[in-house]
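Take a look at the structure set out below.
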2 protein chains.
Amino acid sequence: MRAMSTPPTKVSFKEQMHLAREEAILQATCRLLGEKAYDAMTMDDVANAVGIAKASLYKHFSSKEELCSAAMVQILARVRTYLDGLAAEMPPLEKLQALVRWSLERLITNEMPLLPSRNSSLRAVLMANKDYLNGLVTVSDQIGEWIVQAQAQGLINPTLPPMVVLYTLYARACDPVVTFLKDGGQYSDAEIVELVVRTCFDGLSAR
Amino acid sequence: MRAMSTPPTKVSFKEQMHLAREEAILQATCRLLGEKAYDAMTMDDVANAVGIAKASLYKHFSSKEELCSAAMVQILARVRTYLDGLAAEMPPLEKLQALVRWSLERLITNEMPLLPSRNSSLRAVLMANKDYLNGLVTVSDQIGEWIVQAQAQGLINPTLPPMVVLYTLYARACDPVVTFLKDGGQYSDAEIVELVVRTCFDGLSAR
DNA sequence: GTCTATAGTGAGATAGAC
DNA sequence: GTCTATCTCACTATAGAC
């Protein structure tokens with residue numbers, strides 16, 4: 001709460017500190033959720049990563065669920081920013097491929113996945129969060145448009161329901177193949193990304 | 001331990017009961033792990049599902065980790081049985097497709113997935129289990145043969161490393177697309193399986 | 001071997017001083 | 001707002017009667 005005797009700049013500075021700390025908490029949460037499961041990540045982990053006491057976390061976020069939801073909402077916002085930044089003249093198929101490539105690049109550096117894996121406890125938390133669902137709908141609508149356009153151009157298989165295409169793209173963002181190949185140590189990150197993009201769009205069968 | 005005064009049939013019956021109970025425990029574990037994350041599944045869940053006291057579980061399996069590992073090893077054995085049962089004259093590509101279809105059918109009925117999803121705590125447990133790793137190697141070798149054969153026949157893209165093909169097939173066994181589509185309620189289980197098999201082998205792009 | 005009851009532990013969340 | 005210390009509760013695992 002702003003004190004009347006405090007100069008505006010001072011308050012603004014404090015507010016910036018507050019926001020910066022909150023940003024750091026969200027960053028750490030994203031990274032940790034990229035490394036381990038929701039249940040396995042503890043509030044102590046987050047507090048230690050940020051370098052503050054656990055109790056302080058609760059001054060910013062009222063629960064673990066709220067913290068992780070906020071982190072995912074932020075990720076969704078970043079996706080939106082990325083999508084909006086794609087050149088308008090880029091063909092829809094290339095936009096879709098760019099999105100998958102971008103998601104995989106986040107995934108392979110252990111940043112928080114765009115979507116939780118199957119059976120993740122986080123999934124139930126997110127599905128109960130209105131902000132997350134709204135953001136997801138917005139992003140899905142945008143991607144859905146491009147899918148329909150790419151199908152109209154005959155570049156995406158028009159016999160596949162757009163929803164199936166959409167989910168198949170989303171699923172790349174938590175694709176375990178990336179982890180397998182990375183653990184194998186045989187390929188560079190860039191190679192892994194390209195291989196997964198290829199199998200996603202071209203399939204396994206020979207063309 | 002067998003008592004000397006007990007007739008063999010009686011003992012055999014008791015042993016069968018013991019094995020049947022153990023089988024029931026493994027079954028319940030598989031089903032529960034298909035429904036929720038490893039961390040979220042409690043030993044109480046298993047005990048309640050089987051209808052025995054939690055303490056009795058520990059007479060059969062010394063820990064949660066051992067129980068779940070045993071369940072996964074059993075799944076792997078079932079995969080081996082399925083693979084061995086495929087007709088020898090079936091073309092390798094069809095064998096691979098049959099395997100994916102079979103995995104998806106297990107997945108869609110919420111049976112335990114062949115592989116844990118990304119970031120699952122179960123993953124660390126399994127990677128420390130020798131029986132599981134041995135079983136996985138055996139199955140992988142068999143599938144790997146078929147992949148190489150299918151590539152030699154020009155039916156699987158020969159420019160894809162066999163390991164990438166293998167992991168891509170494995171990943172179908174925990175594919176979140178199945179969950180998404182099933183929750184959507186728009187498609188039957190059989191339709192979902194076929195759609196995912198198609199996108200796996202043929203990709204999203206038009207042919 | 002099965003049960004009830006409980007010990008032990010770890011993590012989410014809070015109290016209260018500063 | 002941040003901290004230390006603590007509460008509370010759920011879950012793994014075990015003790016001990018039958």
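Only heavy atoms go into these numbers, but all of them, side chains included; no hydrogens, no water, no symmetry mates. This structure is a prediction, so every number in the text was calculated from the model and none was measured. A note on names: the letters A, B, ... follow the listed sequences, proteins ahead of strands, and every chain is numbered from 1.
Taking the side chain of Thr42(B) as heavy atoms from C-beta on, and the options dG1(C), dT4(C), dC11(D), the nearest nucleotide is dC11(D). Of the candidate nucleotides dA13(C), dA15(C), dA15(D), dA13(C) has the atom lying nearest to any side-chain atom of Ser63(A). Here dT4(C) is the nucleotide among dC3(D), dT4(C), dA13(D) with the atom lying nearest to any side-chain atom of Ala53(B). Across dT14(C), dT2(C), dC3(D), the shortest atom-to-atom separation from the side chain of Ile52(A) is found for dC3(D). The side chain of Tyr58(B) lies closest to dT12(D) when the candidates are dA13(C), dT12(D), dT2(D). If you check dG1(C), dT14(C), dG12(C) against the side chain of Met43(A), the one that comes closest is dG12(C). Taking every side-chain heavy atom of His18(B) into account, dG1(C) is the closest of dG1(D), dA13(D), dG1(C). Side-chain proximity of Lys54(A) to the nucleotides dG12(C), dA13(D), dC3(C) is greatest for dG12(C). Relative to the side chain of Lys59(A), the nucleotides dT4(C), dG12(C), dG1(D) differ in distance, and dG1(D) lies closest.
The distance from atom CZ of Phe61(A) to atom P of dG12(C) is 15 Å, rounded to the nearest whole Å. Rounded to an integer number of Å, the gap from Asn48(B) CG to dC11(D) C1' is 13 Å. Look at CZ on Arg21(A): it is 12 Å from C1' on dC3(D), rounded to the nearest Å. We find that CD1 of Ile25(A) is positioned 11 Å from C1' of dT2(D), with the value rounded to whole Å. Remark: C1' of dT4(D) and CG of Asp44(A) are 13 Å apart, rounded to the nearest angstrom. The separation between Leu67(A) atom CG and dA13(C) atom P is 10 Å, rounded to whole Å. Between Leu32(B) atom CG and dC11(D) atom C1' there is a gap of 15 Å when expressed in whole angstrom units. The interatomic distance linking Lys64(B) (NZ) with dT14(D) (P) rounds to 15 Å, in whole Å.
Using modelled atom types, one finds no donor on one side chain facing an acceptor on the other under 3.5 Å when comparing Glu65(A) with Ser63(A). Asn119(B) and Ser117(A) share no side-chain donor-acceptor pair at under 3.5 Å. In this model, a donor atom of one side chain and an acceptor atom of the other lie less than 3.5 Å apart for Gln74(B) and Arg78(B).
Using a 4.0 Å cut-off, some side-chain N or O of Ser56(B) falls inside it from OP1 or OP2 of dC3(C).
Between Arg31(B) and Glu35(B), at least one side-chain nitrogen of the basic residue sits less than 4.0 Å from a carboxylate oxygen of the acidic one, meeting the salt-bridge criterion. Checked for salt-bridge contact, Asp183(B) and Arg123(A) meet the test: a charged N lies under 4.0 Å from a carboxylate O.
Each of Asp39(B) and His60(A) has a nearest nucleotide on DNA chain D; the 5'-most of these lies closest to His60(A). Of the two residues near DNA chain C, Ala40(A) and Ala55(B), the one whose nearest nucleotide lies more 5' is Ala55(B).
If you check every strand for non-hydrogen atoms under 4.0 Å, Met17(A) touches nothing.
Contact check for Asn157(A) versus Leu204(B): no side-chain heavy atoms found under the 4.5 Å cut-off.
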